[in-house]
Structures are given as C-alpha cells and as structure tokens.
Amino acid sequence: MRWIQVTGLPEGYVPPRDLVTGVRLQADTPATGELHSSDPRINRLHRMARYAFASNMMSVVTDCPGREKLSCPADYTMPMGAIHRNLGLDAYLRTTMRHLVEGQSVADTPMFGNVALKTPVYDWGYSGRFSDEINWGNAIVLVPWFQYELYGDTRTMSAHYDRMVDFVDYIRREKVTGDIVDAALGDWVAADQTSGRITGTWGYYVMITRMAAMARLTGHHADAGEYEALAASIKRSFNDAFLNEALGRYTSNGDAGPEGATQTAQALALDAGLVPEVYRARVLDALVELVQSYHPIGDGPHFSGGTIGMGPIIRALTAADRDDVLWDLLRQNEEPGYGHFLAPTPANPDGMTTMGERWNRGDSKNHMILAQIDEWFQTGLAGIRPGANAYRTLVIHPKPTGELRYARGSYDTPQGTARTSWTRSGDRFTLTATIPANTTAEVWLPGDHVSAPARAAFDRVEGRYSVYRVPSGRFTFTATDLP
C-alpha cells in the first residue's frame, strides 16, 4: 500500500491525519535482531531491507506484495544471510519446505524430481528458460541446510531426504554436461550479466556440498561418500572451464578468453571455496578491481551483481577484510547502487522505503533480492557471526569502517541474545560484547594495543587483529593505535 484515496467527503473539508488507519500485515515471525549506527544512510537501508523482508513474509515468502505475489525460492534463499537476522524462521522454514515438496514434480516423465520456479504451485505456468532453474529449485536442498545451519534442526532434512535426492537426481540426469550446468536465468537482475554456466555450476557445487554434509548427518554414509567425490569433481571442472590462469580471474570461457569476468563470477568462486589457494589473492584483487572500475553512470565504484551474485560479493569482500570497498560502494548515488534507491522520484519524493527489484528502480518497488547488503551491516558492522551451526559458538568481529563513529547490534540466537556495541574516537576503539549462556566466542579487536577484561584469554594474532576467547557474559575491550 502506497496511497489511499478517500471520496465522499464534504467539499472544502480537510480530513484529520488519523481519519484512516493503515494496518501492516505479515506472518507472525518474531523480530530477531537490531542494528543502529552513526551513519544515517546505513540505518535507512537497514530499515528498507527489514520492511522488504517483513512485508513479503506472508503465508508464503512472496517475491513482491504488489504485483506477482509469488514464492520464487531464490528470492529468499539468496538473501537468507540477512533475512534470518531480522526475522525468526525456524517454524516458518518447515512450512516452506512442505511447499517445496508440494511443488516438486512426481509425474513419470523426464521432469520427475524437478521443483517449480515458483512454489507452492497453483499452475506449472512457466515454460522454456523459466520452466526450471537450479538456483531456484535447489531450495529443496538449501532450506533443510538452513534449518540445520541456523537452528540446529536435523528433522527437516531427515523427513525429506528422499525428496532432496530426487531433485539432485533430476539435475544430474537432465541438466549436467561434464559437471557443468547452464542456468537459464544467470545472475537475475544483475547490471552486468554473468554466464549461466558459471552461476549454474556454482549452484550445483553448493547444492552437492550441502547434500554431502546432510547425508552424513542423517546416516546415509554411502551417499555422503558419493556426493563428496562429486563435489570434488565439480570443483575441478569449474576451474578447468572458467579459471583464466594467465589473468588470475574467472571468465566465461576460462583460458580461451577474458570475456565475462564479472564481479559475480569472481565472488561466487571465492565465497564457495572454489578458488585454488594459489590464485585466491589474484581473484580477490580482480573482484576489487572490477568493483572499482564499474561505473556506467558517474564516477566511483559500483555493484554490478544481481540475485545470485550480491550475497557472495558482499561476503567475499567482508571475509577478505575489504570492508573499505563496501563503505565506498554505499557512498555512490547513481545506479547500479543502493544510493539510487534513496534518490527522490515523482512517485517517491523522499526516495524508496523498501528495496527495489532492479537497480534502475523499475518493476517492483518492494523486493528482497537486492537486500543482501543488510548481511554486512549485521555481520560486518555489528560484527555478530556464527562460529558453529545454530550459533553455538560466536565470532565477534565488528569493523570500524570509513567514518563510522559507533554501531550497535543484537541477534537472538537459539541460545539467547548476543549483543555488541562499539565506539571509535580517533585511534581509540571500545567494544562491549554480550555472549549468551551456554555459548563461547572469539572476539577480534583491531589495533596493536588491547586492554582486555580478566576473563578474556588472549588466543592469537590474525593479520591486524588480536583474537581473544571469552565465555558467556558481558565484556568490554579497548584497543588503541588502530590502523
């Protein structure tokens, strides 16, 4: 809802503002996290992402509340790193898995095992390149993995293991050629399109590695061995097909040429652990260079990824401690970039209030697929990360980035609420972290000189960080001489 038209009032009557009350509806998924910082733009983008998640969370996860209202799985699997930090999905994902199973073909045809591009299915609907897509259908594998990774649940994977196998078998039977999968939709809504062979094979690798782990967890050890061997084979084939060794970057045709070396291509390989160790630094450098040199409108760095690429781009830069690049990206106001969503338009004089579907602000004004930046706000700026499945251990690693003076955040883990709050003044950084009961944490502090509380045990130095181990409780650290 964006406007209300009221008719039938007396001529000249000026209605009070409370004449109409709007009630926002969403599924009863509890709020699970908070984030606030000294940067108004970050706070606003976080609020926009949260509203997009909440308003698309109905009886099913919708792709948008105003146009299609369809449950397209990639719309929630790809931003899951951000969605679950805002809304508790433990019960909700169990229902989602039932919908995926209901949307799986059981017909005795070559389509057996396929999962519809939109589920639940009220018509099979799409045909051609929209009839199936690995990075949409593989939600039937990823959702049980999320249940385990985020909440420690193995019941979902156990109950639906055979149906997960059916989808994997469909992909292996109908979509794979020499370990390579050509995904018809590629990096959907990206500003710079990536080869579907790269996005499809990446999705295949991710799916099979998760299947191998879940086969172990559910006692299907023969399957686990087969999937582990298959994952190793896919990794070799991915690098043989797409790694241009001379350039140190991933391209559409590997050593055959430089074309198609997109941000997404580098980030998918980095984030999934597909890059051979000897090439990791060069591929990371390629990702940073591609971000900094991509400016189709205006100057400065810009994102170019879409539904599939945005999360991996953000995670790859965060993992490499290149939060400075993400900070610079958020300063840009032209498309493609988040600042473009904030700019005024005739329809939105104050800018958008939810995340848009496309970088050019076309089509839906309320989608989740480009909202992955919120994952960095919570894991990078607030610095609350899982150290094990179900957040049984934590990694507290906030990044005092750019001109940020402070940030604070919280997340309701299955063990209890984890909190961080930090301030930066000059070269002095003060962090307070609350670790919930039955949980331990690693705490990463920047700078060369750290004052730590008595119960914090120094563990090691990692690059420019000093790492401490702490039990549950509340701890305050101070670091000086920040880089």
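Computed from a predicted structure; not experimentally measured.
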* When the ring planes of Phe303 and Tyr338 are compared, do they come out parallel, tilted or perpendicular, using 30° and 60° as the limits? -> perpendicular
* **Plane angle bin for Phe341 and Trp359 - parallel if under 30°, tilted between 30 and 60°, otherwise perpendicular** =>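 Parallel, since the angle between the ring planes stays under 30°.
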* **Arg331 to Trp327 six-membered ring, cation-pi geometry met (6.0 Å, 45°)** =>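 So Arg331 does make the cation-pi contact.
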* To do: Give a yes/no verdict on a cation-pi contact between Arg424 and Phe429, requiring under 6.0 Å between NZ or CZ and the six-membered ring centre and an angle within 45° of the axis.
  => no
Could [X] and [Y] be called an ion pair, given the rule that one side-chain N must be under 4.0 Å from one carboxylate O?
| X | Y | result |
| --- | --- | --- |
| Asp63 | Arg67 | no |
| Asp132 | Lys175 | yes |
| Arg41 | Asp39 | no |
| Glu357 | Lys365 | no |
| Arg197 | Asp182 | no |

Check the side chains of [Y] and [X] for a donor-acceptor pair under 3.5 angstrom, ignoring hydrogens and angles.
| X | Y | result |
| --- | --- | --- |
| Asn135 | Trp202 | no |
| Ser293 | Glu289 | yes |
| Asp187 | Thr199 | no |

* State, to 0.1 Å, how close Met207 and Ile134 come at their nearest heavy-atom pair, and which atoms those are. =>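 Met207 and Ile134 have their closest heavy atoms at CE-CD1, 4.3 Å.
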* Asked: Taking it one step at a time, do Phe477 and Tyr468 satisfy ring pair (Phe, Tyr, Trp, His ring centres under 6.0 Å)?
  -> CA-CA 10 Å; Phe477 298 81; Tyr468 290 79; 5.6 Å; yes
Throw together a table of side-chain donor-acceptor distances under 3.5 angstrom for residues 7-23, partners on residues two or more places apart or in other chains.
none

Within 6.0 angstrom of [X] [atom1], more than 12 heavy atoms from elsewhere:
| X | atom1 | answer |
| --- | --- | --- |
| Glu34 | CD | no |
| Arg419 | CZ | no |
| Tyr51 | OH | no |

